[in-house]
Amino acid sequence: MSFIQSTAYKQLKAVFKGTLVLPTCSNYQESLKRWSILAERPAGVVAFVQDEGDVSAAIKFATEAKLEIAIKGKSLQPRRKAKRG
């Protein structure tokens, strides 16, 4: 049985507010994009969380399904304007 058919995945889908992207989804390759191609890795599921409840549910699911966890945060660096002269 694949993890997609598992009780843990069904429970995750039931409570997850964000987006879950599987290898069979059309946007899967795009969901793997990172700042460096060397940082990209295949994933069993990509979870775009909405809140801390989603984070908790995703970690619980990954733990129960014995999946490795990789975290990518959003860049929070402010854009700076170059000063001239």
Side-chain angles (χ1 to χ4, degrees):
M1 172 173 60
S2 74
F3 72 83
I4 297 169
Q5 299 166 330
S6 70
T7 301
Y9 183 72
K10 291 175 185 173
Q11 290 172 340
L12 174 64
K13 280 184 65 172
V15 299
F16 201 80
K17 298 177 200 96
T19 303
L20 297 170
V21 181
L22 302 172
T24 56
C25 296
S26 62
N27 60 337
Y28 175 75
Q29 288 299 325
E30 184 63 29
S31 74
L32 298 177
K33 296 286 183 200
R34 300 294 179 265
W35 61 274
S36 168
I37 194 166
L38 298 175
E40 292 178 13
R41 300 284 185 270
V45 61
V46 179
F48 292 98
V49 300
Q50 289 293 316
D51 58 21
E52 61 277 355
D54 278 359
V55 173
S56 177
I59 291 173
K60 181 180 178 187
F61 163 71
T63 301
E64 290 177 6
K66 297 182 179 13
L67 298 174
E68 290 184 28
I69 299 172
I71 299 171
K72 176 191 174 224
K74 289 186 177 182
S75 174
L76 299 176
Q77 296 177 357
R79 292 186 178 165
R80 298 180 187 172
K81 294 184 179 179
K83 293 184 179 180
R84 294 183 184 186

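- Residues S56 and F61 have side chains not in contact (no heavy-atom distance under 4.5 Å, counting atoms from C-beta outward).
- T63 OG1 to I69 CD1: the interatomic distance, rounded to the nearest 0.5 Å, is 4.5 Å.
- The heavy-atom pair separating G44 from P23 by the smallest distance is O-CD, 3.1 Å.
- Without hydrogens or angle criteria, Y28 side chain to A43 main chain gives a donor-acceptor distance under 3.5 Å.
- Considering only heavy atoms from C-beta on, V45 stays 4.5 Å or farther from V21 through its side chain.
- V49 and I71 end up in the same hydrophobic cluster when Ile, Leu, Val, Met, Phe, Trp and Tyr side chains are linked at under 4.5 Å.
- Taking hydrophobic clusters as Ile, Leu, Val, Met, Phe, Trp and Tyr residues chained together by side-chain heavy-atom distances below 4.5 Å, L67 does not share a cluster with F48.
- From T7, atom OG1 reaches atom CD of E64 across 9.0 Å, with rounding to the nearest 0.5 Å.
- For D54 (side chain) and G18 (main-chain N/O), a donor-acceptor pair under 3.5 Å exists by modelled atom type.
- By the side chain to side chain contact (heavy atoms under 4.5 Å, CB included) test, Q29 is found to be paired with L32, residues two or more places apart in sequence or in another chain being considered.
- Side-chain atoms of L12 and L20, non-hydrogen and from C-beta on, do get closer than 4.5 Å to each other.
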